[in-house]
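Being a predicted model, the structure only gives us computed values, none of them experimental.
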Amino acid sequence: WLGCHENAWVPFSFDITDYITFGDYDNVLAIEVDSQYYRDALPPSNDDFHWMGGLHGDARMEIIDSLSMDSVFYWTEKKGTGTYEEGDAVYLKGEIQVTNLYSADYPVEISTELVDAEGKVAATGKAQLTLAAGETATAEMNIRVKNPHLWNTETPYLYEVHTELSSGGVKLDSLETRTGLRWITSTGKTSKNTVLTAADDQQILLNDQPLTLYGINKNQQFSYIGNSGTEKLYEKDAYTLKYDLGVNFVRTAHYSQDPDFFEACDEIGILVEEEALAWNTMPEAAKPQFVDSIISMVKRDRNHPCIIFWS
């Protein structure tokens, strides 16, 4: 018995190392899915869309070193507080979480490369840590990017961030993260739900430029296959929203959705409010499950430039 995961729409994993018989043996991993309704757990019963049982999304097995990166998070900040001017440098900020499961201390080096759409290295950074046995620590990056291509809804330029972990000159782990250079702010004195006509109305700013959102709510359901969509179906959804309906903003009501949809939104410039599975009448006993789903959702999807709100 490895464990139990409650709540669909967010990722989960189990460490199977101690359960594997190594050598010339067959190992069987069995999964049981329980789609019954439980009163004190999510999902709730008073919903306005269909629930479908089973597993959906990608599944994979990872073989990693006992000294490895748990996660990476990169975001963009401009220099100073003035209005951004085209061509100004920006800063790629990063947090890289590393865990040492060995019984000895290890010094490590983390290197980051920002690679543009043509495959050229646009900026680099390095950080160092010494991790005690069993320790998890976070390295920070602050990389200056000259002449950046900013991501926005009209020109959604994407970079790849290559992160590598090494110790004593030996490469131990690497991650590739696609992202865009952009930042979101707001301004104004009010939050009127009206057309922005007055100077003191609150505005959303993307890269310091005013932005008007035209959006819809979106469920993740398909004929015959329910929640188990494919990359092409998620891509089709995104293209339909932007090019057929003129939408530039989507709320994932009422739950997190497949990363393939966010990948498509990154590529064509749709902004997203990603929502955790919950309901206003959520039972008290379900709140820990709700909190866990938020953590999983944000940790998985926080590098997507398309996601500007969490709810």
Report yes if the side chains of [X] and [Y] come closer than 4.5 Å at any heavy-atom pair, otherwise no.
{"X": "Cys265", "Y": "Leu241", "result": "no"}
{"X": "Asp116", "Y": "Tyr159", "result": "yes"}
{"X": "Thr252", "Y": "Glu273", "result": "no"}
{"X": "Tyr255", "Y": "Asn219", "result": "yes"}
{"X": "Tyr234", "Y": "Gln257", "result": "no"}
{"X": "Glu231", "Y": "Glu263", "result": "no"}
{"X": "Glu113", "Y": "Ser111", "result": "no"}
{"X": "Leu205", "Y": "Pro210", "result": "yes"}

Exercise for review: Please say whether the positively charged group of Lys236, taken as NZ for Lys or CZ for Arg, lies over the ring of Phe222, i.e. under 6.0 angstrom from the six-membered ring centre and within 45 degrees of the axis.
Suggested key: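 No - Lys236 does not lie over the ring of Phe222 by the 6.0 Å and 45° rule.
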Point to revise | Thr155 side chain to Asn152 side chain, donor-acceptor N/O pair below 3.5 angstrom | key: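 A donor-acceptor contact under 3.5 Å links the two side chains.
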Practice item. Say whether Gln209 and Asn207, considering side chains only, have a donor N or O and an acceptor N or O under 3.5 Å apart. Key: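 The answer is no; no qualifying pair exists.
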Distance in Å, [X] [atom1] paired with [Y] [atom2], rounded so as to fall on 0.5 Å steps:
{"X": "Lys78", "Y": "Glu85", "atom1": "NZ", "atom2": "CD", "answer": "10.0 Å"}
{"X": "Trp183", "Y": "Leu206", "atom1": "CH2", "atom2": "CG", "answer": "8.5 Å"}
{"X": "Met141", "Y": "Thr124", "atom1": "CE", "atom2": "OG1", "answer": "9.0 Å"}
{"X": "Arg144", "Y": "Leu114", "atom1": "CZ", "atom2": "CG", "answer": "13.5 Å"}

Write down the atom of [X], the atom of [Y], and the distance for their closest heavy-atom approach.
{"X": "Asn27", "Y": "Tyr19", "answer": "OD1-O, 4.2 Å"}
{"X": "Val247", "Y": "Gly215", "answer": "CG1-CA, 4.1 Å"}
{"X": "Ala139", "Y": "Ile110", "answer": "CB-CD1, 3.7 Å"}

Check your understanding: Within a radius of less than 6.0 Å around OH of Tyr214, do more than 12 heavy atoms belonging to other residues, nucleotides or ligands occur?
Key ->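 No, the 6.0 Å shell around OH holds no more than 12 heavy atoms from other groups.
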**Study point:** Asp58 atom CG, neighbour heavy-atom count above 12 within 6.0 Å
**Key:**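 Counting other residues, nucleotides and ligands, CG of Asp58 stays at 12 neighbours or fewer.
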**Study point:** Same cluster (ILVMFWY, side-chain, under 4.5 Å), Val108 and Tyr102
**Key:**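 They do share one cluster, since a chain of ILVMFWY contacts under 4.5 Å joins Val108 to Tyr102.
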Point to revise | With Thr99, the side-chain contact (heavy atoms from CB on, under 4.5 Å) member among Leu131, Leu67, Thr136, Ile64 | key: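 Going through Leu131, Leu67, Thr136, Ile64 one by one, the side-chain contact (heavy atoms from CB on, under 4.5 Å) with Thr99 is satisfied by Thr136 alone.
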Practice item. Identify the residue among Thr153, Ile270, Leu271, Asp266 that makes a side-chain contact (heavy atoms from CB on, under 4.5 Å) with Cys306. Key: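 The passing option is Asp266.
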Practice item. Start with the C-alpha distance between Glu160 and His162, add both sets of side-chain angles, then the distance that settles side chain to side chain donor-acceptor pair (under 3.5 Å), and finish with yes or no. Key: CA-CA 6 Å; Glu160 278 197 357; His162 298 173; 3.0 Å; yes
Check your understanding: Okay, side chain of Gln220, backbone of Asp258: is any donor-acceptor separation there less than 3.5 Å?
Key ->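 At least one qualifying donor-acceptor pair exists.
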Practice item. Check whether any side-chain N or O of Ser167 sits under 3.5 Å from a backbone N or O of Pro107 as a donor-acceptor pair, and report yes or no. Key: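 Indeed, once roles are kept as given, a pair shorter than 3.5 Å links the two residues.
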Point to revise | Test: Glu274 and Arg300 ion pair at under 4.0 Å | key: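 Salt bridge: yes.
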Review point. Salt bridge check: are Glu267 and Lys242 linked by an N-O gap of less than 4.0 Å?
Key: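 No, Glu267 and Lys242 are not salt-bridged.
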Review point. Angle class for the His5/Phe12 ring planes (parallel below 30°, perpendicular above 60°, tilted otherwise)?
Key: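 The arrangement is parallel - the two ring planes meet at less than 30°.
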Check your understanding: Taking the six-membered ring for Trp, are His56 and Trp9 parallel (under 30°), tilted (30 to 60°) or perpendicular (over 60°)?
Key ->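 Answer is tilted, since the angle falls between 30° and 60°.
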